[in-house]
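The structure appears right after this line, and notes come after that.
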2 protein chains.
Amino acid sequence: MSGPKGWQEVQDEVLARIRDRRWPPGSAIPNEADLARDFGVARATVNRALQALAEAGWLDRRRRAGTRVALHPVRRATLSIPIIRAEIEGAGHVPGYRLLRQEMAQPPAPVAAALGLTGPLLHLSAVHTADKRPFVIEDRWVNPAAAPGIREADFAAQSANEWLIVNAPFSHGDIALAAAPATVEEAALLACAPGAALFTVTRTTWAGAQPITWVRLAYGPGYAMKTAL
Amino acid sequence: MSGPKGWQEVQDEVLARIRDRRWPPGSAIPNEADLARDFGVARATVNRALQALAEAGWLDRRRRAGTRVALHPVRRATLSIPIIRAEIEGAGHVPGYRLLRQEMAQPPAPVAAALGLTGPLLHLSAVHTADKRPFVIEDRWVNPAAAPGIREADFAAQSANEWLIVNAPFSHGDIALAAAPATVEEAALLACAPGAALFTVTRTTWAGAQPITWVRLAYGPGYAMKTAL
DNA sequence: CAGGTTAATATGTCTATACATAATAGCCGC
DNA sequence: GCGGCTATTATGTATAGACATATTAACCTG
């Protein structure tokens, strides 16, 4: 076969065969050694291509059992979690920021439960603006034990969002996307009607076993989070 | 150095150095050959580890310029795009489905523009239920030219969602997540108040250059799309 | 025939080596 | 100093060969 030469080309060829049903969902494909011979490349090259496809969800691979085409081509969209200021700048607007609250306080039960902490936490609220118009409300609870130096930080000048990204990197977390009606307070801050549909992002992040922060972002009406598949 | 033995261990070691600031954001890390010597492994092993970290966003790599720690560890959350029935079953509920509309019609301007088509399209509306309670409204426009056999499909029995996943795989698409107030019709279907905040997912998918379908999913109040980072 | 042991097999990974490629640094002529 | 050529360098990729490991199929044995 006058076939592919690099692993990307092998990947493309395999993908083409999956897409045009020469290798239908659920079917087994030839083993790496055979494919390598057919394509005229080394097995390592085929391996690289098939591993990439497996990672992307197109193939299921198991030792000894071989490789088969995934039953449900589970497509994944990747959302990047940007710095809010960078997101606003990227959309061509002038970012702004206003701190509303900065205090130690007892978190509400859902927040305490999400973080697995009981004591008081640093509570921060802020509004981010784009071209002077309200863009998103940031409501955040920070575990001070996980963020050394946070008591000295000046959150009037720099948002907690940015401070934490630079100073307290996290290892993992979870995120929930939802819709919620604007409270009276939120409506006033976002210049919209109470009860308006707001897009919300709620994140909890950890450094190893130590919880760092819980944050809820409430975007103004009209906002959409976009990405490619 | 009595170091790592496999590429995963190399990856873990590098990640540890990034996280504890031995290699701070923006700094250059040693080249592959040096790391290989230090770790006592082959360069290919280091390369495998660093490529994985670069793909995950921890490192920026450029030929000749070397490898440096990413300035903003741009974290990515991957949303899986599941079959709705599978999503409901996965949550432990009994899935149901009711077809509301199936007809050829002229799409509204935003839909026609998103697909880049002008003629009439197949319009489908349906409600998916979980334990007999309304879960999500599916409003879909399909390009019949991109879905051969769709005129014979029985969408009273199988949802268009599933039919398309099995019969018209897509190569790429885009997705927008947002919040919207429930229309009167939506409120009736979802058993909620008009104006309630609904979480919406709008997708456009393509097979190569050919548009396949535009779909908007409107989830009932209380729904949250969750994922890990 | 049940249950456990062994052999076969496909993927997973590491190695050493080689060459390709992108991007830069430095040199040179003017 | 400027423009362009060239050498250098780090990553990107391919290769053959080897061994590891998970899993299953085949085979024994009681």
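Letters go in sequence order (proteins before strands), and every chain restarts at 1. Because the structure is predicted, anything quoted here is derived from the model rather than measured.
Each of T67(A), T45(A), N47(A) was evaluated against E32(A); a single residue qualifies, N47(A), per the side-chain hydrogen bond (donor to acceptor under 3.5 Å, both in side chains) test.
Across the protein-nucleic acid pair, E9(B) atom CD and dC14(C) atom C1' stand 12 Å apart, rounded to whole Å. For the pair D60(A) CG and dA22(D) C1', the computed distance is 16 Å after rounding to whole Å. Spacing between atom CZ of R48(A) and atom P of dT15(D) amounts to 13 Å, rounded to whole angstrom units. Rounded to whole Å, the distance from CD on E32(B) to P on dT13(D) is 11 Å. Atom P of nucleotide dT11(D) and atom CD of E55(B) are separated by 17 Å, given to the nearest angstrom. Regarding I29(B), its CD1 atom lies at a distance of 13 Å from the P atom of dA10(D), rounded to whole Å. Across the protein-nucleic acid pair, W7(A) atom CH2 and dT15(D) atom C1' stand 17 Å apart, rounded to whole Å.
Note on T67(A): every side-chain N or O is 4.0 Å or more away from OP1 and OP2 of dA10(C). Put simply, R61(A) has no side-chain N or O that comes within less than 4.0 Å of OP1 or OP2 on dA10(C). A sub-4.0 Å separation between OP1 or OP2 of dT13(D) and a side-chain N or O of Q51(B) is present. One finds no side-chain N or O of Q8(A) lying less than 4.0 angstrom from the OP1 or OP2 phosphate oxygen of dG12(D). An OP1 or OP2 oxygen of dT13(C) is reached within less than 4.0 angstrom by no side-chain nitrogen or oxygen of T45(B).
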Short N/O separations, protein against nucleotides 16-20 of chain D, under 3.5 angstrom:
| from | atom 1 | to | atom 2 | distance (Å) |
| --- | --- | --- | --- | --- |
| dA18(D) | N6 | R43(A) | NH2 | 3.4 |

Distances for protein N or O near nucleotides 4-8 of chain C N or O, under 3.5 Å:
| from | atom 1 | to | atom 2 | distance (Å) |
| --- | --- | --- | --- | --- |
| dA8(C) | N3 | R64(A) | NH1 | 3.0 |

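In terms of position on DNA chain D, the residue among R62(A) and N31(B) whose nearest nucleotide sits closer to the 5' end is N31(B).
The aromatic rings of F155(B) and W163(B) sit perpendicular, their planes meeting at an angle over 60°, well past the 30° parallel limit. The aromatic rings of F135(A) and Y223(A) sit perpendicular to each other, their planes meeting at more than 60°, with 30° as the lower class boundary.
Within the 4.5 Å cutoff, the side chain of L99(A) has no heavy atoms near those of the V127(A) side chain. Contact check for W214(A) versus T202(A): side-chain heavy atoms found under the 4.5 Å cut-off. V136(B) places none of its side-chain heavy atoms less than 4.5 Å from the side chain of E87(B). Residues L59(B) and L53(B) have side chains in contact (heavy-atom distance under 4.5 Å, counting atoms from C-beta outward).
Of the inter-residue distances, the one linking T129(B) atom OG1 with I88(B) atom CD1 reads 6.5 Å to the nearest 0.5 angstrom. Taking CG from L35(A) and CZ from R43(A), the interatomic distance works out to 11.5 Å, rounded to the nearest 0.5 Å. Interatomic distance, CD of Q210(A) versus OG1 of T205(A), reported as 11.0 Å (0.5 Å rounding). One finds the CG atom of D60(A) at 9.0 Å from the CZ atom of R68(A) (value rounded to the nearest 0.5 Å).
The terminal axes of the helix from dC1(C)-dG30(D) to dC30(C)-dG1(D), fitted over 5 pairs per end, subtend an angle of 10° to the nearest 10°.
The side chain of N47(B) approaches dT13(D) more closely than any other nucleotide in the set dT13(D), dC14(C), dG12(C).
When every heavy atom of L177(A) is checked against every heavy atom of L177(B), the shortest pair comes out as CD1-CD1, 3.4 Å.
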